[in-house]
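To keep things clear, I will list the structure first and then write my remarks on it.
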Amino acid sequence: MEASKEIMYNLNSVLIVTILFGLILIANELGYRFGHHYQSKTDSDVKSHTNTIQAGTLGLLALILGFTFNMALQRYNNRSQAVIHEANAIGTALLRTQLLPEPYDTIAHQQLQHYINLRLEVSNTDYAMVTDQQRLDNATKSKQHEIWVTAIQAARVDPRAVTTGYFISALNNMIDAHGEYNALLQLHVPEVILMLLFVVFIMSGALIGYASGLGKKRTTTPAMMMTFLICLVVFIVIDLDRPKRGIIKVNQNSMLLLKND
């Protein structure tokens with residue numbers, strides 16, 4: 001499995017959110033000082049116009065954030081469905097081992113159980129464990145080939161389409177499901193969209209500080225709370241978008257149910 005070439009995807013999500021939080025606070029402070037500097041030179045019309053621009057920017061922020069969150073959630077749901085699809089494909093192959101002639105029915109069943117253990121081990125391996133991931137990926141492909149060889153040997157003994165042929169069809173679907181899941185693991189929110197989101201966040205912080213500087217009193221606590229909430233949502237978006245790396249992980253219960261089936 002190749003690592004992503006995008007910069008932020010290889011950084012810790014907590015580090016990204018912490019940097020974003022600090023940049024928004026810095027932008028807010030600079031905006032406040034800039035606004036405070038021009039406070040005596042502005043009137044109510046300028047302040048009203050500034051508030052209008054601020055509201056428009058926050059609206060744009062909400063739009064981009066909602067779009068990005070939906071994109072990350074959709075990818076998470078797709079990966080969850082892929083796990084269920086792969087588990088169903090493996091379950092079908094397990095059932096159809098009973099159609100194989102002896103002793104290939106028992107051999108194929110045992111091989112598939114080992115394959116399930118490998119798939120579960122892969123799902124529990126963290127993204128940062130590159131060596132283990134590569135080892136498990138090679139072991140998975142090797143086990144697929146091993147099961148396929150067993151199917152070929154069984155087909156030579158019993159070439160009927162309604163027995164061995166059904167198992168081979170299920171095995172082919174199982175391998176395809178594995179490839180589909182691996183492809184979905186590589187799909188995430190494009191980095192350019194995250195960068196655009198961060199730029200809008202930082203500019204919003206600067207505008208909030210600038211609007212506060214034009215007034216007589218500064219609203220520090222609400223601005224801090226909003227910044228914290230923004231960064232919390234960004235953390236959730238990044239966590240949803242990074243399989244096998246963060247707090248939110250794809251449920252593997254459907255695969256667990258296949259053990260010793």
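D176 pairs by the salt bridge (Lys or Arg N to Asp or Glu O under 4.0 Å) definition with nothing, not counting sequence neighbours. Residues that satisfy the side-chain hydrogen bond (donor to acceptor under 3.5 Å, both in side chains) test with D241, not counting sequence neighbours, are absent from this structure. Contacts of S13 classified as side-chain hydrogen bond (donor to acceptor under 3.5 Å, both in side chains), with partners at least two apart in sequence or in another chain: none. F235 meets the ring pair (Phe, Tyr, Trp, His ring centres under 6.0 Å) test with no other residue; sequence neighbours excluded. Under the side-chain hydrogen bond (donor to acceptor under 3.5 Å, both in side chains) criterion, Y115 pairs with Q144, not counting sequence neighbours. Applying the side-chain contact (heavy atoms from CB on, under 4.5 Å) criterion to S80, with sequence neighbours excluded, gives Y76, V250.
L196 and F21 fall into different hydrophobic clusters, where Ile, Leu, Val, Met, Phe, Trp and Tyr side chains are chained together by heavy-atom contacts under 4.5 Å. I208 and V200 fall within the same hydrophobic cluster, where Ile, Leu, Val, Met, Phe, Trp and Tyr residues are linked whenever their side-chain heavy atoms come under 4.5 Å apart, directly or through other members. Follow the hydrophobic side-chain contacts under 4.5 Å out from I84 and you never reach Y181; the two are in separate clusters. Residue L15 is grouped with residue L197 when hydrophobic side chains (ILVMFWY) are merged at heavy-atom distances under 4.5 angstrom, including chains of intermediate members.
Pairs engaging residues 150-169 under the salt bridge (Lys or Arg N to Asp or Glu O under 4.0 Å) rule: D158-R160 [sequence neighbours left out]. Judged as a salt bridge (Lys or Arg N to Asp or Glu O under 4.0 Å), the pairs with a partner in residues 78-92 (not counting sequence neighbours) are, in order, E86-R119. Evaluation of the side chain to side chain donor-acceptor pair (under 3.5 Å) test over residues 88-108, restricted to residues two or more places apart or in two chains, returns none.
Apart from V199 itself, the hydrophobic cluster it occupies contains M203, where clustering links Ile, Leu, Val, Met, Phe, Trp and Tyr at side-chain heavy-atom distances under 4.5 Å. Through direct or indirect side-chain contacts shorter than 4.5 Å among Ile, Leu, Val, Met, Phe, Trp and Tyr, V162 is connected to no other residue.
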Please output the side-chain donor-acceptor pairs of residues 52-61 that fall under 3.5 Å, not counting sequence neighbours, one pair per line with the distance.
unit_1, atom_1, unit_2, atom_2, d
T52, OG1, S48, O, 3.0
T57, OG1, I53, O, 2.9

Practice item. Would you sort out whether T227 and M224 count as a side-chain contact (heavy atoms from CB on, under 4.5 Å), showing the intermediate values? Key: CA-CA 5 Å; T227 302; M224 288 283 291; 5.7 Å; no

Practice item. Decide yes or no on side-chain contact (heavy atoms from CB on, under 4.5 Å) for F67 and M71, but give the supporting numbers first. Key: CA-CA 6 Å; F67 173 75; M71 186 181 292; 3.3 Å; yes

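Among all heavy-atom pairs drawn from P101 and T164, the shortest one is CD-OG1, 4.0 Å.
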